[in-house]
2 protein chains.
Amino acid sequence: MARIERMHLEIVRAIHTQGSVTSAADSLHVTQSALSHSIRKLEDNFNLKIWRRDGKQMHLTQGGEHLLSIANRVLPQLERAEAQLQQFAKGERGTLRVGMECHPCYQWLLKVASPFLRSWPNVDLDVNQKFAFGGVEALYNQDIDVLITPDPLKKLKGLVFEPVFDYEQVLVVNDSHPLHNQDHIVPKQLANEVLITYPVPVERLDVFSLFLTPSGILPKQHKLMETTEMMLQMVACGRGVAALPRWLVIEQQDHFPLVPVKLGKHGIKKKLHLGMRKRDIDIDYIASFIELSRLIQI
Amino acid sequence: MARIERMHLEIVRAIHTQGSVTSAADSLHVTQSALSHSIRKLEDNFNLKIWRRDGKQMHLTQGGEHLLSIANRVLPQLERAEAQLQQFAKGERGTLRVGMECHPCYQWLLKVASPFLRSWPNVDLDVNQKFAFGGVEALYNQDIDVLITPDPLKKLKGLVFEPVFDYEQVLVVNDSHPLHNQDHIVPKQLANEVLITYPVPVERLDVFSLFLTPSGILPKQHKLMETTEMMLQMVACGRGVAALPRWLVIEQQDHFPLVPVKLGKHGIKKKLHLGMRKRDIDIDYIASFIELSRLIQI
DNA sequence: GGCATTCATGAGTTTTACTCATAATTAAAA
DNA sequence: TTTTAATTATGAGTAAAACTCATGAATGCC
């Protein structure tokens, strides 16, 4: 059974646009002889005359016209595809799949996203907040390419974690709250507060693991809230306090009457890290993403 | 610059659907080694990893996924095209372009058209009444494949004419016309009539060339009319007489009060011929068209 | 009729693709 | 852990295909 190869389509197109086998051969960078052999074989394969020999001219038969219409439809698709593969090869095209292990990371990612998308017009950005397993597993499983996390797991085979952003985790209170003008607070000052956090295990909440838990003190009440927006609304209305990055609080002070308060004498200092597979660090748009991440000033 | 060949798309698709290089090689009827060499060359050509080697499994990279989506789009187009070319080769597909040199031929063609289209579902029918040159030139120029004509030009190089249908050219008059009950008429009986004909040179009108002109007699008036329908309307209203095939008059007697009258003692006997290029007589649907033409009984 | 142009063909050569044999790697079984 | 079975990778040799060169045949033009 005969197969239509790409070259067949190129030949049909070239002979049609060039008007003769000889000049088509030139345009395809082969000899007239080679092309003549090729068209003979093509016609033999399909047992179908593609061209009519009218004197020294060649004209397409009905079957040939049909093949030409296929060529004009299919060849541009292949040519476009080649250009796109070149872009993949040069790292100019792809999808950067980003995973996040902390809720406020999303606010930070938004800052990186727009300069990134502007410099890589053919690279898409996929954001993933929920993985089937943990962020590291998602990296290993190729579900994501970059993991944004405040808690890097160093020394994992095949992975690297890069610090990109320093921030301080602070308590956020409404501007008429009793704690609003404290330089810093100690754990027992939260004993009578309603503490609002994201709905994740307490081990993953710095305000617990680094502040409350060591002292054995618990807040009066622990409320869970999905979104940062809603959390801030609640705090602004005096319905509780929360722990968030300082830069996020500062930024929201335009919209809400909020005050950041240091947690402990020295504050809770954190670093946002980007994790990725070692083999991916050469991919241009991934390297660029890391670089842009470091440049973001908040 | 690297080219995407059809085989590359087949390889990407086969490895993806079969799940391994080894079984993909089987499905493509080559050895595992050949396929391994091919994929290496493909990746080298584009300088792009298409697959990730995870242990003994191969998984598509982003570029590979993209190539797969191209394969899934392009390959079915090629496969459909191949099937269509097979149909062209077997003479099951094409366009039969029919030209006509006589106006009432069209009424006759309509009778052949429907059984033809029913037996050749993939063959189109193109009808052409006006050619830049004559019908024979249209055959030579490949503008038409079949010429329907009552006046065949035998012995033309590369062409054949086949008689397919006998008919008699008769005078048609309204049923209250003075001539309506004549067995036949002689030329001078038209001397006081209004004769309605198609707008073509009188040499091509049988009623002139075979009846009036030899006797030197002319009708009282010669009116031109484009369509058969309108001609019959005029005759039915007693505004003139016309010359048409007898079968056409008989057929229209349901709708119009018409009577056919023989032209001359022996009538004008004509044959409809189909002309075509000799090289085309083997094309199945053209042979079939001729055969169906002979079967039409009117 | 010569002359230039175009396509076709056969023989020989180059290039490409393929196979065979085997190594290397990996996952699972013993 | 070692064995075993399965998978991909590689190198060398071979088969097939594509191409070139030289030339023939047909056509259209001056």
Side-chain angles (χ1 to χ4, degrees), chain A residues 1-61 64 67 140-142 157-158 279, chain B residues 1-61 64 137 140-142 157-158 277-279:
Chain A
M1 161 64 178
R3 273 168 62 109
I4 299 177
E5 294 297 333
R6 173 177 190 166
M7 185 50 85
H8 298 147
L9 301 180
E10 303 255 19
I11 289 171
V12 171
R13 184 173 68 174
I15 293 180
H16 182 251
T17 57
Q18 301 288 318
S20 81
V21 175
T22 309
S23 65
D26 286 347
S27 79
L28 294 171
H29 306 109
V30 291
T31 61
Q32 173 270 322
S33 173
L35 200 47
S36 185
H37 283 291
S38 295
I39 67 184
R40 168 134 224 252
K41 196 175 164 194
L42 171 59
E43 292 187 325
D44 288 354
N45 279 346
F46 280 98
N47 191 32
L48 172 68
K49 286 269 164 289
I50 306 292
W51 294 271
R52 220 178 324 109
R53 277 70 170 174
D54 296 342
K56 42 167 109 178
Q57 301 232 43
M58 310 259 296
H59 290 116
L60 288 169
T61 60
L67 197 52
Y140 275 125
N141 294 343
Q142 308 271 346
K157 199 184 159 215
R279 58 152 54 121
Chain B
M1 162 59 177
R3 273 167 60 106
I4 299 178
E5 294 297 333
R6 175 179 187 163
M7 185 51 85
H8 298 148
L9 302 180
E10 303 255 21
I11 290 171
V12 171
R13 184 173 67 173
I15 294 180
H16 183 251
T17 57
Q18 301 289 318
S20 82
V21 175
T22 307
S23 65
D26 286 346
S27 79
L28 294 171
H29 306 110
V30 290
T31 60
Q32 173 271 322
S33 172
L35 201 47
S36 186
H37 282 291
S38 295
I39 67 183
R40 170 147 227 256
K41 196 175 164 195
L42 171 60
E43 292 187 328
D44 287 353
N45 279 345
F46 281 98
N47 191 31
L48 172 67
K49 286 267 165 288
I50 306 292
W51 294 271
R52 222 178 323 106
R53 278 71 170 172
D54 296 343
K56 46 166 111 177
Q57 302 230 45
M58 311 260 294
H59 290 116
L60 288 168
T61 61
E137 283 84 349
Y140 276 126
N141 294 344
Q142 307 273 345
K157 199 183 157 212
R277 290 175 296 275
K278 271 199 187 114
R279 58 152 54 122

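Every chain is numbered from 1 and lettered A, B, ... according to where its sequence line falls, protein lines coming before strand lines.
Under the rule for a side-chain hydrogen bond (donor to acceptor under 3.5 Å, both in side chains), A/Thr61 has no partner lying at least two apart in sequence or in another chain. Residues satisfying the side-chain contact (heavy atoms from CB on, under 4.5 Å) criterion with B/Ser20, sequence neighbours excluded, are B/Thr22, B/Ser23. With sequence neighbours left out, the salt bridge (Lys or Arg N to Asp or Glu O under 4.0 Å) criterion links A/Asp26 to no other residue. Taking B/Arg3 as the reference, A/Glu10, B/Glu5 meet the side-chain hydrogen bond (donor to acceptor under 3.5 Å, both in side chains) condition, with sequence neighbours excluded. Remark: A/Ser36 engages A/Gln32 in a side-chain contact (heavy atoms from CB on, under 4.5 Å) (not counting sequence neighbours). Listed by chain and residue number, B/Asn45 satisfy the side-chain contact (heavy atoms from CB on, under 4.5 Å) test with B/Lys41 (two or more places apart in sequence, or in another chain). Not a single side-chain hydrogen bond (donor to acceptor under 3.5 Å, both in side chains) links A/Thr17 to another residue, sequence neighbours left out.
In the region residues 3-21 of chain B, proximity to DNA chain D at under 4.0 angstrom, judged on heavy atoms, holds for B/Ser20, B/Val21. At a non-hydrogen distance threshold of 4.0 Å, A/Gln32, A/Ser33, A/Ser36, A/His37, A/Ile39, A/Arg40 from residues 28-42 of chain A come into contact with DNA chain C. Within residues 47-57 of chain A, the residues approaching DNA chain C are A/Arg53, A/Lys56, by heavy-atom distance under 4.0 Å.
Residue B/Leu35 comes nearest to B/Val21 through the heavy atom pair CD2-O, 3.5 Å, listed as atom of the first residue, atom of the second, then distance. Nearest heavy-atom pair, A/Ile11 versus A/Ser38, reported as atom, atom and distance to 0.1 Å: CD1-CB, 3.7 Å. Smallest separation of non-hydrogen atoms from A/Ala14 and A/Ser27: CB-OG, 4.0 Å.
Counting only distance, with no hydrogens or angles, the side chain of A/Arg6 and the backbone of B/Ile4 share a donor-acceptor pair below 3.5 Å.
Test A/Ile39, A/Leu28, A/Leu60 against A/Ile15 for side-chain contact (heavy atoms from CB on, under 4.5 Å) and you get one pass: A/Ile39.
Contacts classified as side-chain hydrogen bond (donor to acceptor under 3.5 Å, both in side chains) and involving residues 47-56 of chain B (residues at least two apart or in different chains) are given here: A/Gln142-B/Arg52, B/Glu43-B/Arg53, B/Arg52-B/Asp54, B/Asp54-B/His59.
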Report each atom pair, protein N/O against N/O of nucleotides 28-30 of chain C, whose distance is under 3.5 angstrom.
none

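Nucleotide C/dT6 holds its P atom 14 Å from the NE2 atom of A/His59, rounded to whole Å. Regarding B/Asp26, its CG atom lies at a distance of 13 Å from the C1' atom of D/dA6, rounded to whole Å.
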